Amino acid sequence: MPRRFLCLFLFLLALPACAQITVDPNDDFYEYAQAWEIRGLVKTLPPVRPYSLNSVKHILQQVIKRGTEKDRELAVEYWNEISGKPMGVKFEAKGKGKLTRTNRADDEVDSDLDKLIWGRFALAGDAFVFPDFVSIGYDLGVLARTEKNEGPFLPYYTNSAYDAIQDAASLGPLHGYIDMNASAAIGTHEFFAQGGVNRTGYGPFLRKGLAVNDTGYHMGNVSYSIVKDRFSFAQQYSAIGATKSYDGSGLKPEKFIAFHALEYKFTPKFSASYYESIVYGKRFDLSYFLPVPFMVAQGLGGNADNTQLGLLFKYRPFSNLLWATDLFVDDFDVNALVKGSLNSKNRFALQTGLMYAPENSFCRKVSFVYTAVAPYTYSHWDYDGVDDVARISPDMYNYQNYTNNGIPIGTAYAPNSDSIEFSLDFKPSRNLRIGIASSLMRHANVNESLSDDEAIRYLAAEDRQYSTDGSLFTHSMFENRNDSDGEHVESAWDSLNFLNQETKMYVVQAKFDVDWTIARTNFGSFTLNFGNVFQYTHNKGVENQLFPGTGRKALLDAPAAYKSQVVSAAREAWKSNLYDELADFVYIGFTYKF
């Protein structure tokens with residue numbers, strides 16, 4: 001290392017810091033790590049985020065060795081944040097406003113302003129317990145806010161930044177939550193094991209992954225990873241929360257997801273990955289912690305669990321540019337695919353995009369990404385298992401859908417949706433970060449494609465027995481009280497029905513956010529935070545229940561003409577509640593770290 005960088009390195013080590021890189025996959029470090037990999041400064045990143053402290057150290061060493069002067073200074077700064085001291089204090093406070101203007105079918109215009117204030121205090125840090133072999137990361141916080149439910153203050157298809165949902169304590173006008181994550185790692189940067197409670201992510205599309213999304217709810221994780229220059233492998237086993245099949249409410253234990261991914265680099269510019277995930281519950285299964293195909297392992301228990309597979313391709317046509325394509329397959333019809341047709345029970349999600357990371361530029365990354373999620377993807381059904389019949393009840397818990405505590409594990413986009421997103425990430429200086437993004441999303445309720453007989457099955461059912469909102473809580477099975485096999489929804493089984501419905505919801509978003517550190521001293525850093533999301537929604541309400549259960553069993557035996565009238569009336573009632581909305585989400589706050 002040149003002497004000037006060694007002096008800078010030693011100087012920065014003397015400053016205090018607060019970091020939790022190894023426990024939070026949404027830390028800004030992972031944006032830099034991806035940019036460094038795209039530019040070829042880092043040969044191989046671990047498959048699953050967050051990384052071990054040894055991995056972070058190895059990444060920074062590669063950047064110091066191969067990067068530009070600006071890269072090296074930044075790498076040294078990050079190492080200072082990690083090694084400055086083993087414990088830091090962090091406090092953040094933000095206020096958020098949501099201004100909405102709705103235009104309904106009767107030309108009535110409504111305007112509303114809602115406000116949310118929250119504060120969070122935490123002890124956070126990363127540290128080696130035994131140098132270069134055992135490390136820990138933690139972010140131990142408490143959060144208080146003025147509203148229990150943060151959902152109304154989040155734009156469409158956005159997850160909360162906090163793991164604070166249940167068991168609120170009353171603090172006067174505030175609701176208090178424990179919001180903590182921690183992890184430990186053992187091993188070298190080439191082979192290590194990790195364990196802890198934290199969020200996790202996979203794939204090149206940060207915060208938008210199809211299989212494991214960095215912004216999903218935290219899990220209890222145990223994993224091990226192998227990272228070499230030509231290949232990498234990771235296996236993760238996680239304890240997650242089961243919720244009610246109808247809407248994701250409630251919470252019960254004994255639900256699990258296992259995930260593994262193998263990547264091989266055929267050339268320095270091209271790599272291919274194969275990954276699998278499996279969701280199940282009510283038992284612990286050691287076979288899902290072994291590095292064997294889940295397709296084989298689930299056969300040991302009768303092929304009753306929910307298995308997915310995926311293919312991920314990454315290609316760098318030239319320096320600084322990455323083209324990545326991720327195909328997540330929930331279910332597929334082999335016979336239809338052999339015939340060259342996708343128009344069947346194919347449940348998949350597809351993501352493809354370009355990411356450009358320029359060198360020595362105030363622009364850190366430019367990305368253009370297309371995402372599509374087919375109907376019923378992620379929405380695997382589950383049965384009560386009473387008397388060995390395929391029973392679905394209003395209060396049953398689902399141990400096989402792709403959710404954790406009712407929050408999607410994969411992409412936040414609903415099934416039967418697609419989107420195009422363009423984003424710019426600027427870093428003009430060490431103290432300033434600016435993000436700009438825009439997107440166009442489409443979503444349709446797949447239940448609009450049901451036949452009259454299928455719709456009647458839903459309308460005749462008990463209230464909350466079946467979800468017909470078109471989300472991942474809408475699955476493609478009816479109950480069957482005569483045997484344990486259940487009954488397929490034929491239109492879902494025989495047709496893809498991807499965005500071919502008459503009524504579609506369109507969502508346009510424009511985003512802008514700034515983080516400006518106005519002070520860095522031996523007493524800590526003070527950062528101002530500002531963000532704004534403008535959102536226009538056409539046909540808001542498509543995500544409402546289309547055929548809610550009425551409990552009128554007699555509908556099943558009614559004449560066909562009467563059934564058609566009842567179904568048409570339900571459709572018209574659903575459409576009559578659609579409206580257009582302009583929403584502006586604004587937040588402003590500050591973060592203090594010591």
Side-chain angles (χ1 to χ4, degrees), residues 100 102-110 156 244-249 345 374-376 379 381 391-396 414-417 442-481 486-507 537-581:
T100 57
T102 59
N103 298 313
R104 300 184 181 273
D106 57 4
D107 294 328
E108 181 182 351
V109 178
D110 297 324
Y156 265 117
K244 291 184 181 179
S245 188
Y246 178 78
D247 59 1
S249 62
K345 57 158 191 167
Y376 300 107
S379 62
W381 56 90
R391 184 173 181 271
I392 299 173
S393 64
D395 292 319
M396 65 171 285
N416 204 26
S417 301
R442 299 186 299 170
H443 170 63
N445 190 328
V446 70
N447 294 287
E448 195 176 5
S449 298
L450 296 178
S451 67
D452 287 349
D453 285 339
E454 291 168 336
I456 282 292
R457 288 286 297 271
Y458 288 127
L459 289 169
E462 299 176 65
D463 182 35
R464 299 176 65 87
Q465 182 175 359
Y466 298 108
S467 170
T468 59
D469 63 356
S471 71
L472 57 73
F473 298 109
T474 296
H475 56 74
S476 59
M477 298 291 287
F478 292 122
E479 73 172 4
N480 189 338
R481 294 177 178 271
E487 183 180 346
H488 303 142
V489 179
E490 292 300 326
S491 64
W493 213 253
D494 298 333
S495 304
L496 181 62
N497 287 327
F498 177 60
L499 287 173
N500 62 358
Q501 291 73 31
E502 177 185 350
T503 310
K504 296 182 180 66
M505 180 175 72
Y506 294 86
V507 181
T537 306
H538 174 62
N539 280 337
K540 184 178 175 66
V542 162
E543 70 278 28
N544 293 339
Q545 300 292 333
L546 180 49
F547 300 117
T550 64
R552 297 167 58 193
K553 301 295 184 184
L555 288 174
L556 298 174
D557 300 319
Y562 182 71
K563 288 181 181 179
S564 181
Q565 291 177 5
V566 172
V567 172
S568 295
R571 286 196 172 100
E572 290 304 315
W574 174 73
K575 287 184 178 181
S576 68
N577 288 315
L578 303 180
Y579 58 93
D580 294 349
E581 179 186 81

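What you are looking at is a predicted structure, and each value in this text was computed from that prediction instead of being measured.
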(request) Just grab all the salt bridge (charged side-chain N to carboxylate O under 4.0 Å, His left out) pairs involving residues 545-568, residues at least two apart or on different chains. (result)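 Applying salt bridge (charged side-chain N to carboxylate O under 4.0 Å, His left out) to every pair that reaches into residues 545-568, excluding sequence neighbours, yields Asp453-Lys563.
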Smallest separation among heavy atoms of [X] and [Y], with atom names:
{"X": "Met477", "Y": "Trp381", "value": "CG-CD2, 3.1 Å"}
{"X": "His443", "Y": "Gly470", "value": "CE1-O, 3.7 Å"}
{"X": "Ala374", "Y": "Leu496", "value": "CB-CD1, 4.1 Å"}
{"X": "Phe547", "Y": "Ala570", "value": "CD2-CB, 3.8 Å"}
{"X": "Phe498", "Y": "Ser417", "value": "CE1-O, 3.6 Å"}
{"X": "Pro415", "Y": "Leu472", "value": "CD-N, 3.6 Å"}

Given 3.5 Å as the limit, does a donor-acceptor pair link the side chain of [X] with the main chain of [Y], or not?
{"X": "Asn445", "Y": "Thr468", "value": "yes"}
{"X": "Asp463", "Y": "Thr550", "value": "no"}
{"X": "Ser564", "Y": "Ala560", "value": "no"}
{"X": "Thr537", "Y": "Val507", "value": "no"}
{"X": "Gln465", "Y": "Gly549", "value": "no"}
{"X": "Asn480", "Y": "Arg391", "value": "no"}
{"X": "Glu543", "Y": "Asp469", "value": "no"}
{"X": "Glu462", "Y": "Pro394", "value": "no"}
{"X": "Ser471", "Y": "Phe473", "value": "yes"}
{"X": "Asn539", "Y": "Lys504", "value": "yes"}

Approximate separation, where rounding is to 0.5 Å, of [X] [atom1] and [Y] [atom2]:
{"X": "Gln545", "Y": "Ser467", "atom1": "CD", "atom2": "OG", "value": "4.5 Å"}
{"X": "Arg457", "Y": "Leu450", "atom1": "CZ", "atom2": "CG", "value": "11.5 Å"}
{"X": "Asp494", "Y": "Lys345", "atom1": "CG", "atom2": "NZ", "value": "10.5 Å"}
{"X": "Met396", "Y": "Lys244", "atom1": "CE", "atom2": "NZ", "value": "12.0 Å"}
{"X": "Tyr246", "Y": "Asp395", "atom1": "OH", "atom2": "CG", "value": "11.5 Å"}
{"X": "Asn497", "Y": "Ser491", "atom1": "CG", "atom2": "OG", "value": "6.0 Å"}

Would you check if [X] and [Y] make a side-chain contact, meaning some heavy-atom pair closer than 4.5 Å?
{"X": "Arg464", "Y": "Asp247", "value": "yes"}
{"X": "Asn416", "Y": "Gln501", "value": "yes"}
{"X": "Tyr579", "Y": "Asn103", "value": "no"}
{"X": "Lys540", "Y": "Thr102", "value": "no"}

(request) Answer yes when Arg571 and Glu502 have at least one side-chain N-carboxylate O distance shorter than 4.0 Å, and no when they do not. (result)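 Glu502 and Arg571: not salt-bridged.
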(request) Could you list the residues that satisfy salt bridge (charged side-chain N to carboxylate O under 4.0 Å, His left out) with Glu479, not counting sequence neighbours? (result)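 Arg481.
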(request) Measure up the Phe478 and Tyr458 rings against each other and bin them: parallel (under 30°), tilted (30 to 60°), perpendicular (over 60°). (result)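 Aromatic pair Phe478/Tyr458 classed tilted.
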(request) Determine, step by step, whether Tyr466 and Thr474 satisfy the side-chain contact (heavy atoms from CB on, under 4.5 Å) criterion, reporting the C-alpha distance in whole Å, the side-chain angles of both residues, the deciding distance to 0.1 Å, and the verdict. (result) CA-CA 7 Å; Tyr466 298 108; Thr474 296; over 6 Å; no
